[in-house]
Visitor: 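Here you go, one structure.
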Amino acid sequence: MIISSWNVNSVRARIDNIKDYLKNYSPEILLMQEIKTEDPNFPYDDFKKLNYESYVFGQKSYNGVAIISKKKLENVRTDLINDKLKQSRIISGEFILKKRKIQIINIYTPNGNPVDTDKYTYKIKWLDDLIKQLKILAKMNENIILAGDFNIIPSAEDVYNVKSFEDDALYRLEIRKKLREIINMGYIDGYRHLHATKEGYTFWDYMRGAWQKNNGMRIDHFLISNSLINLLKGVKINKNPRGKTKPSDHTPIEIELA
DNA sequence: ATGGCACATGCAATGTGA
């Protein structure tokens, strides 16, 4: 089965591109971030016509996450982080594969820039809350897939110009340490696990011809708990949607499990 | 340091993203 994650930058503005993607690549499950709409305005019908169930944690104007799945998910939760700012950034559900119950968690981590503001402290707090929750969840079920827009560049080779990101909220040492802390709890970075050196950008800015110049960064990730490594058959960045007209500034990352 | 693009709100101009 293919599971995909894509920061769509507005589900309504992107609906034609998303439908094209689903028709062409037919992922079993698609995690979306930055849907930028409230639940009542989510295009449930468009996805229903393509045989997907929708699970939505929406928000007006900003943020918002959703999961669409060909098979129904169990135990869908949007309460994993008690967010004082009430931003919709996390949704999870469960499915069965090879007799194993797997919890899939879709996240949209705060950007955190500029670094000397409460936006940055919010990002740190949000990641700390996530880490706490992951420790609780792992005691109940070790089979976890944590995926989405992490807004974290893991390493220098994951960004086109690392010098300009050294004190950026996407790359600061303190932020990279949070990602390492999660991985050290018992996960692999799916992409890097299977592609030791290959460039894997998932985001290119709309501005200054970033896509044309390949000024990208790898900030969307699939973390797979160690218990599931033997099910992981492939991880790929699908650059096709980023080259379409009216694209999102992110492109999907896809894993294959079997 | 900023924000040239693109989104939302709501109808003009502003906030946000990374």
Side-chain angles (χ1 to χ4, degrees), chain A residues 5-19 21 31-43 46 56-66 83-90 106-124 126-127 147-176 178-179 199-221 237 239 241-253:
Chain A
S5 171
W6 188 9
N7 180 324
V8 295
N9 186 17
S10 172
V11 69
R12 290 181 291 161
R14 209 69 56 220
I15 188 64
D16 290 339
N17 275 345
I18 299 171
K19 283 157 72 176
Y21 173 71
L31 315 176
M32 287 181 276
Q33 304 86 35
E34 279 205 89
I35 61 170
K36 291 187 170 179
T37 194
E38 292 173 300
D39 299 20
N41 299 323
F42 188 84
D46 292 272
V56 182
F57 187 29
Q59 183 178 340
K60 194 175 184 177
S61 302
Y62 312 116
N63 312 313
V65 287
D83 190 334
K84 288 201 175 103
L85 298 184
K86 297 285 174 204
Q87 299 190 356
S88 302
R89 296 181 173 277
I90 187 164
N106 176 20
I107 64 168
Y108 173 47
T109 303
N111 174 294
N113 279 311
V115 292
D116 52 354
T117 66
D118 55 4
K119 293 192 175 187
Y120 184 75
T121 52
Y122 174 59
K123 181 177 193 174
I124 294 288
W126 197 91
L127 286 167
D149 179 356
F150 284 64
N151 271 320
I152 301 175
I153 300 162
S155 301
E157 61 268 28
D158 296 314
V159 60
Y160 68 99
N161 179 11
V162 72
K163 275 256 180 287
S164 60
F165 284 86
E166 273 165 3
D167 201 32
D168 190 284
L170 276 65
Y171 184 73
R172 262 193 171 192
L173 184 58
E174 185 182 27
I175 292 295
R176 282 180 282 141
K178 297 295 178 195
L179 180 62
E199 174 191 298
Y201 297 161
T202 62
F203 168 89
W204 297 260
D205 204 302
Y206 287 124
M207 291 186 280
R208 291 163 289 191
W211 168 247
Q212 289 75 11
K213 296 178 199 162
N214 195 30
N215 288 344
M217 55 187 92
R218 189 169 76 91
I219 55 176
D220 300 87
H221 309 296
I237 315 289
K239 288 165 82 167
R242 185 62 182 83
K244 300 265 189 184
T245 53
K246 208 170 150 63
S248 169
D249 42 6
H250 295 248
T251 214
I253 173 170

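Chain naming here is simple, since letters A, B, ... match the order of the sequence lines and numbering starts at 1 in each. Everything numeric here is computed off the predicted structure, so don't read it as measured data.
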Visitor: Distance check, rounded to the nearest 0.5 Å: A:Glu199 atom CD versus A:Asn214 atom CG?
Guide: 4.5 Å

Visitor: Please produce a list of atom pairs where a protein N or O lies less than 3.5 Å from an N or O of nucleotides 6-16 of chain B.
Guide:
residue	atom	partner	partner atom	Å
B:dC7	OP1	A:Arg14	NH1	2.9
B:dC7	OP1	A:Arg14	NH2	3.3
B:dC7	OP1	A:Lys246	NZ	3.4
B:dC7	O3'	A:Ser10	OG	3.2
B:dA8	OP1	A:Ser10	OG	2.5

Visitor: Distance between the C1' atoms of B:dA1 and B:dA13, in whole angstroms?
Guide: 23 Å

Visitor: Base, sugar-phosphate or nothing for A:Asn151? Non-hydrogen atoms, less than 4.0 Å.
Guide: sugar-phosphate

Visitor: Atom CG of A:Leu170 and atom C1' of B:dA18: how far apart are they, to the nearest Å?
Guide: 5 Å

Visitor: Between B:dT2 and B:dA12, how many Å separate the two C1' atoms, rounded to a whole number?
Guide: 23 Å

Visitor: Do A:Asp220 side-chain atoms and A:Thr251 backbone N/O form a donor-acceptor pair below 3.5 Å?
Guide: no

Visitor: Would you mind classifying the nucleic acid contact of A:Asp149 as base, sugar-phosphate or nothing, using non-hydrogen atoms under 4.0 angstrom?
Guide: sugar-phosphate

Visitor: Whole angstroms only, please: what is the CD-P distance between A:Gln33 and B:dA18?
Guide: 10 Å

Visitor: How far, in whole Å, is B:dG15 from B:dG10 if one measures between their P atoms?
Guide: 14 Å

Visitor: Side chains of A:Lys36 and A:Asn9 only: does a donor on one sit below 3.5 Å from an acceptor on the other?
Guide: yes

Visitor: Can you check whether A:Lys123's main-chain N or O pairs, donor with acceptor, with A:Asn111's side chain at less than 3.5 Å?
Guide: no

Visitor: In whole Å, what is the span from the CG atom of A:Asp167 to the C1' atom of B:dA18?
Guide: 15 Å

Visitor: Measure from CG on A:Asn111 to C1' on B:dG17 and round the result to the nearest Å.
Guide: 6 Å

Visitor: Could you check whether A:Tyr171 gets within reach of a base, just the sugar-phosphate, or nothing at all, counting any heavy atom under 4.0 Å?
Guide: nothing

Visitor: If the test is ring pair (Phe, Tyr, Trp, His ring centres under 6.0 Å), which one of A:Tyr160, A:Tyr201, A:Trp204 qualifies with A:Trp211?
Guide: A:Trp204

Visitor: DNA chain B: A:Met207 or A:Thr109, which has the more 5' nearest nucleotide?
Guide: A:Met207

Visitor: Rounded to the nearest Å, what distance is computed from the NZ atom of residue A:Lys213 to the P atom of nucleotide B:dG4?
Guide: 15 Å

Visitor: Is any side-chain N or O of A:Asn7 closer than 4.0 Å to OP1 or OP2 of B:dA18?
Guide: yes

Visitor: Say you pick atom P in B:dT14 and the same atom in B:dA18; how far apart are they, in whole Å?
Guide: 23 Å

Visitor: Calculate, to the nearest 0.5 Å, the distance between atoms CD and CZ belonging to A:Gln87 and A:Phe57 respectively.
Guide: 10.0 Å

Visitor: Taking only distance into account, with no hydrogens and no angle test, what donor-acceptor pairs under 3.5 Å do side-chain atoms of residues 149-156 of chain A form with protein atoms, sequence neighbours excluded?
Guide:
residue	atom	partner	partner atom	Å
A:Asp149	OD1	A:Asn151	N	3.0
A:Asp149	OD2	A:Asn7	ND2	2.9
A:Asn151	ND2	A:Thr109	O	2.8

Visitor: Can you tell me how far C1' in B:dT9 sits from the matching atom in B:dG4, rounded to whole Å?
Guide: 23 Å

Visitor: Just how far, in rounded Å, is P of B:dA18 from OH of A:Tyr120?
Guide: 16 Å

Visitor: For A:Trp204 and B:dG17, what is the distance between atoms CH2 and C1' respectively, to the nearest whole Å?
Guide: 17 Å

Visitor: In this structure, how many angstroms lie between the P atom of B:dG17 and the CZ atom of A:Phe203, rounded?
Guide: 12 Å

Visitor: At less than 4.0 Å, is any side-chain N or O atom of A:His250 found next to OP1 or OP2 of B:dG17? Yes or no.
Guide: no

Visitor: Can a side-chain donor-acceptor contact be found between A:Arg12 and A:Thr37 if the only test is distance below 3.5 angstrom?
Guide: yes

